[in-house]
Protein chains: 2
Amino acid sequence: MRANNRLGSMIWVRLSRFTSQSNQLSNVFLKRFDLTSAQFDVLMQIRIYGPLSQMELADKVTVTQGGISRMLVRLEKEGYIVRKQDWKTKTISLTAKAESILERAYPAQEAFQSSFFEEALNEEEQKTLHDLLSRVHRHSLKKEIPLE
Amino acid sequence: MRANNRLGSMIWVRLSRFTSQSNQLSNVFLKRFDLTSAQFDVLMQIRIYGPLSQMELADKVTVTQGGISRMLVRLEKEGYIVRKQDWKTKTISLTAKAESILERAYPAQEAFQSSFFEEALNEEEQKTLHDLLSRVHRHSLKKEIPLE
DNA sequence: TTGTATAACTTGATTAGTCAACTGATGGAT
DNA sequence: ATCCATCAGTTGACTAATCAAGTTATACAA
């Protein structure tokens with residue numbers, strides 16, 4: 001039995017191995033701020049786009065309604081966010097605690113994330129990578145799943 | 001508050017959003033074979049490199065020892081694999097059931113995975129993407145986490 | 001032969017996510 | 001006023017993973 005040969009499959013494997021590798025490293029890195037990388041991601045989206053509803057947030061982080069509900073329960077229990085019922089919607093915003101953690105964690109994590117690319121590629125190559133990924137991502141959002 | 005501006009962070013976000021998006025689509029696609037994409041991934045590694053030990057397999061799919069143990073319990077319960085104690089090691093191999101499913105599932109899934117890239121990029125661009133990702137991945141494997 | 005060291009694997013507690021069925025809030029039609 | 005549709009969020013059952021502590025199997029030394 002030989003390994004995947006089609007180019008697309010090879011890209012796929014690299015992508016998922018790298019993503020899981022860099023996610024694990026990020027988790028280790030963020031431990032010093034008492035955050036996981038999923039939590040950091042959600043908190044940053046709220047910081048940038050908030051206040052917003054759970055649906056809007058779920059959409060931003062590519063997670064289901066149920067997934068965001070559970071995540072927010074944990075974040076609320078830790079005192080990072082508050083939710084208040086506002087018409088039909090629950091509006092989410094950061095607490096002072098979260099704001100002050102992010103003030104330190106954000107620059108650190110941004111530098112850490114960037115270092116994966118900056119240390120391996122030059123500016124031009126990073127731009128190319130970003131462009132190619134953006135196109136592939138955009139395409140995937142309107143992709144149809146072939147029938148049986 | 002403005003969004004991430006550093007190039008590396010922008011790449012990181014695209015990467016993780018695309019990975020989660022394409023993973024979800026793969027899960028829907030693979031449902032017709034009664035597989036999840038994590039299961040497909042593990043079964044394919046066994047098919048290509050097997051028979052192998054749990055440690056070796058864990059390494060191939062970038063998962064911890066505990067993670068692979070739990071996954072294999074599920075796969076064994078479904079009748080996709082067998083493990084036999086062999087010295088200190090448990091040697092894993094596919095059952096006929098799994099072989100016959102993969103015979104159909106593999107070409108289908110390979111084509112599906114590839115289509116994400118083939119539909120959005122030309123041959124040249126796919127090669128570039130593969131090359132850039134490989135370099136970034138290789139670098140990440142020897143990356144040190146900066147101190148506190 | 002009885003420890004003891006060690007490598008390979010398992011397991012409990014937790015995070016993170018999925019789907020599908022359910023609950024709660026609101027607004028409109030009768 | 002009452003019933004109903006609908007949108008937002010929650011929840012139960014499950015997959016998938018992590019870490020750290022606990023097992024099991026084997027080899028080797030006293």
Task: Short side-chain N/O contact from Arg83(A) to OP1 or OP2 of dA8(D), under 4.0 Å - done: no
Open item on the list: Rounded to whole Å, how long is the line connecting atom CD1 of Ile92(A) with atom P of dA8(D)?
Closed with: 13 Å
Task: Glu118(A) side chain to Ser115(A) side chain, donor-acceptor N/O pair below 3.5 angstrom - done: no
- [ ] Tell me yes or no: between the side chains of Glu56(B) and Ser53(B), is some donor less than 3.5 Å from an acceptor?
- [x] yes
Open item on the list: Under 4.0 Å, counting only non-hydrogen atoms across every strand here, what does Ser20(A) touch: a base, just sugar-phosphate, or nothing?
Closed with: nothing
TODO: Give a yes/no on whether any side-chain N or O of Lys90(A) is located under 4.0 angstrom from OP1 or OP2 of dT10(D).
DONE: yes
Task: Length of the CG-P vector between Leu25(B) and dG17(C), whole Å - done: 17 Å
Open item on the list: As a test of reading the structure: which of dA8(D), dC9(C), dT10(D) is closest to the side chain of Gln54(A), going by heavy atoms?
Closed with: dT10(D)
- [ ] Write down the distance between CG (Leu43(A)) and C1' (dT15(C)), rounded to a whole number of angstrom.
- [x] 14 Å
Task: Parallel, tilted or perpendicular: rings of Phe29(B) and Phe112(B) (30°, 60°) - done: parallel
- [ ] Output all residues satisfying ring pair (Phe, Tyr, Trp, His ring centres under 6.0 Å) with Tyr80(B), sequence neighbours left out; order by chain, then residue number.
- [x] none
Task: Value in whole Å for how far the P atom of dA16(C) lies from CG of Leu30(A) - done: 11 Å
Open item on the list: Using a 4.0 Å heavy-atom cut-off to protein, can you give one letter per nucleotide of nucleotides 11-18 of chain D, 5' to 3': B if the base is in contact, S if only the sugar-phosphate is, - if neither?
Closed with: BBB-SSSB
Open item on the list: Regarding Thr36(B) and Asn27(B), do their side chains bring together a donor and an acceptor under 3.5 Å, going by distance alone?
Closed with: no
Open item on the list: Measure CZ/Arg17(B) against C1'/dG17(C) and give the value in whole Å, please.
Closed with: 14 Å
- [ ] Report the distance from atom CG of Leu72(B) to atom P of dA8(C), rounded to the nearest whole Å.
- [x] 15 Å
Task: Test item: His137(A) and Arg17(B) side chains (from C-beta on) under 4.5 Å apart, heavy atoms - done: yes
TODO: Measure from CD on Glu56(B) to C1' on dA7(C) and round the result to the nearest Å.
DONE: 13 Å
TODO: Report the distance from atom CG of Leu57(A) to atom C1' of dA8(D), rounded to the nearest whole Å.
DONE: 14 Å
Open item on the list: Over 60° means perpendicular and under 30° means parallel, so tell me whether Phe40(A) and Tyr106(A) are parallel, tilted or perpendicular.
Closed with: parallel
